[in-house]
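Heads up, the thing below is written out as structure tokens.
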Protein chains: 2
Amino acid sequence: MSAALTLVGKGRHFASLGIREVTRQAGVVPTSFYRHFRNMDDLGLQLVDELGLVLRRMMREARNNVLQADKLMEESVGIFINHVQANRSFFFFMAQGLAGESRAVQEGIRSEMRFFASELANDLRRLRLAEHLSDGDLELTCDLVVRSVAFSLTDLLGVSPDDDYQIDQIRRRTTRFLQLIFVGAAHWKSEGA
Amino acid sequence: MSAALTLVGKGRHFASLGIREVTRQAGVVPTSFYRHFRNMDDLGLQLVDELGLVLRRMMREARNNVLQADKLMEESVGIFINHVQANRSFFFFMAQGLAGESRAVQEGIRSEMRFFASELANDLRRLRLAEHLSDGDLELTCDLVVRSVAFSLTDLLGVSPDDDYQIDQIRRRTTRFLQLIFVGAAHWKSEGA
DNA sequence: CACATAAGTGAACAACTGTACACAACGGTA
DNA sequence: TACCGTTGTGTACAGTTGTTCACTTATGTG
């Protein structure tokens, strides 16, 4: 699995990886592959599971570190970016999988994102930051937040990991996206349709 | 090129297509490929160019058909969805290319999106719908709009093209995303940081 | 018409692919 | 220690891949 991730991290697309290629990278003979996976799709599914762990760790860290609400977005975006940098290959895989060729992987990633959004909604409720929003509207907002951040992911993966200037640009831009969304949420239905 | 698109439309990922496979689908001998493209990346780049045309057509239609401002978002989202349905394979290619393995294709698609966002900003200025926003903030808003719609693209491509119920769900959800963003834009800086 | 350019063909090649099978080394448990 | 399940190995095979070359056929312009 880490061999596959390594290749993806080097810019290859998961869909174009072959069994032999992966085992070669893993320093193991091709037939060994079948001891662990039935085919590449299977490997992809297991990677999605591990990706889930990575995302959960990120969520936990965000929950612990965001103490005061006023810096909530800056800090969350910061934590997100740090995790992406620390697990670049995983996030490459995630970005690819969203439009990948395995329906199952696609659905897996999508469901991780839904989970993430619903946890975010819970947190906002708990922190009493969304008292005027109905459950449906809060869910909508959080979904949009998660999508926006996920899209920033593709920006982030497009620049070199040590191009601090560009990364900072992305950080600010993503933060402003979130602020814009939350301003919208704050005034939602006070004038919305 | 349409052979490649056809394969992509059938669920294959562009990165995993081979020359022989494409020529086979095109009903032509493998060597003919080289009469038109140097390699698969080259083919991808030319597809991006054609994708640009598709997007421009869509934009033109949106401009012509959205007469009154109050239904602007519903109608734009509707036009978007119609175009996606009518050019499904193209949009599959677009969704894949955003995290594809050819940096050039990636950059091409990204630049189409930037263009789209800036045209949207122009239109909003022209329609006097964003008078209180600075150029930078308008650009930010339009970028977020385009990203949100692009993300809905992956939703749309994930459901069967004749599952009218689900498509309508996506339509409504996307519209609400846009409304949320524009409510945010309307109140931006009136209280934003 | 003749002719230049573009598009398509067929055979060939070495390199690589997924998968099968029988066999060897390992790790832990009785 | 003997045993068993797991992981890894080596060999093999038929099918596919990208690319080359010299060739024929189509197409449109003078």
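First the proteins, then the strands, lettered A, B, ... as listed; each starts at 1. The model shown is predicted, which means the values in this text are computed figures rather than measured ones.
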Checklist outcome for this item: Whether each nucleotide of nucleotides 22-28 of chain D has a protein heavy atom under 4.0 Å at its base (B), only at its sugar-phosphate (S) or at neither (-) is summarised, 5' to 3', as B------
Checklist entry - Are A/Tyr34 and C/dA20 close enough that a side-chain N or O sits under 4.0 Å from OP1 or OP2? => result no
Checklist entry - How long is the line joining CG of A/Leu43 and C1' of C/dG18, in whole Å? => result 15 Å
Checklist entry - What integer distance in Å separates B/Arg38:CZ from D/dG18:P? => result 16 Å
Next on the checklist: Just the rounded figure in Å: distance from P of D/dG15 to CZ of B/Arg24.
Outcome noted: 14 Å
Checklist outcome for this item: Taken to the nearest whole Å, CE/A/Met40 to C1'/C/dT17 is 13 Å
Next on the checklist: Please identify which of these residues, B/Arg63, B/Arg114, B/Arg60, B/Arg126, meets the salt bridge (charged side-chain N to carboxylate O under 4.0 Å, His left out) condition with B/Glu119.
Outcome noted: B/Arg63
Next on the checklist: Checking contacts here: which listed nucleotide (D/dT17, C/dT9, C/dT19) is nearest the side-chain heavy atoms of A/Pro30?
Outcome noted: C/dT19
Item to check | Nucleotide nearest A/Arg20 when distance is taken to its side chain, options C/dT9, C/dT17, C/dA12 | outcome: C/dT17
Checklist entry - Are A/Leu127 and A/Leu178 connected in a single hydrophobic cluster, I mean Ile/Leu/Val/Met/Phe/Trp/Tyr linked by side-chain heavy atoms less than 4.5 Å apart? => result yes
Checklist entry - Same cluster or not: are B/Val28 and B/Tyr34 linked, directly or through other Ile, Leu, Val, Met, Phe, Trp or Tyr residues, by side-chain heavy atoms under 4.5 angstrom apart? => result no
Next on the checklist: If the threshold is 4.0 Å, N to carboxylate O, is there a salt bridge linking A/Asp155 and B/Arg147?
Outcome noted: yes
Item to check | Residue-phosphate contact under 4.0 Å: B/His36 side-chain N/O, C/dG8 OP1/OP2 | outcome: yes
Checklist entry - With hydrophobic residues grouped by side-chain heavy-atom distances under 4.5 Å, do A/Phe80 and A/Val159 end up in a single group? => result yes
Item to check | From C/dT17, D/dT9, C/dT19, nucleotide with atom closest to A/Val29 side chain | outcome: D/dT9
Checklist outcome for this item: In whole angstroms, the gap separating P of C/dG18 from CZ of A/Phe37 amounts to 14 Å
Item to check | Nearest-Å distance for atom pair CG/P, residues A/Leu17 and C/dT17 | outcome: 11 Å
Item to check | Nucleotide C/dC16, atom P - distance to CZ of A/Phe33 in whole Å | outcome: 19 Å
Checklist outcome for this item: So CG of B/Leu47 and CE of B/Met1: to nearest 0.5 Å the spacing works out to 4.5 Å
Item to check | Between P of D/dT20 and CG of B/Asn39, the distance in whole Å | outcome: 11 Å
Checklist entry - Between A/Arg173 and B/Asp143, is the closest basic N to carboxylate O distance under 4.0 Å? => result yes
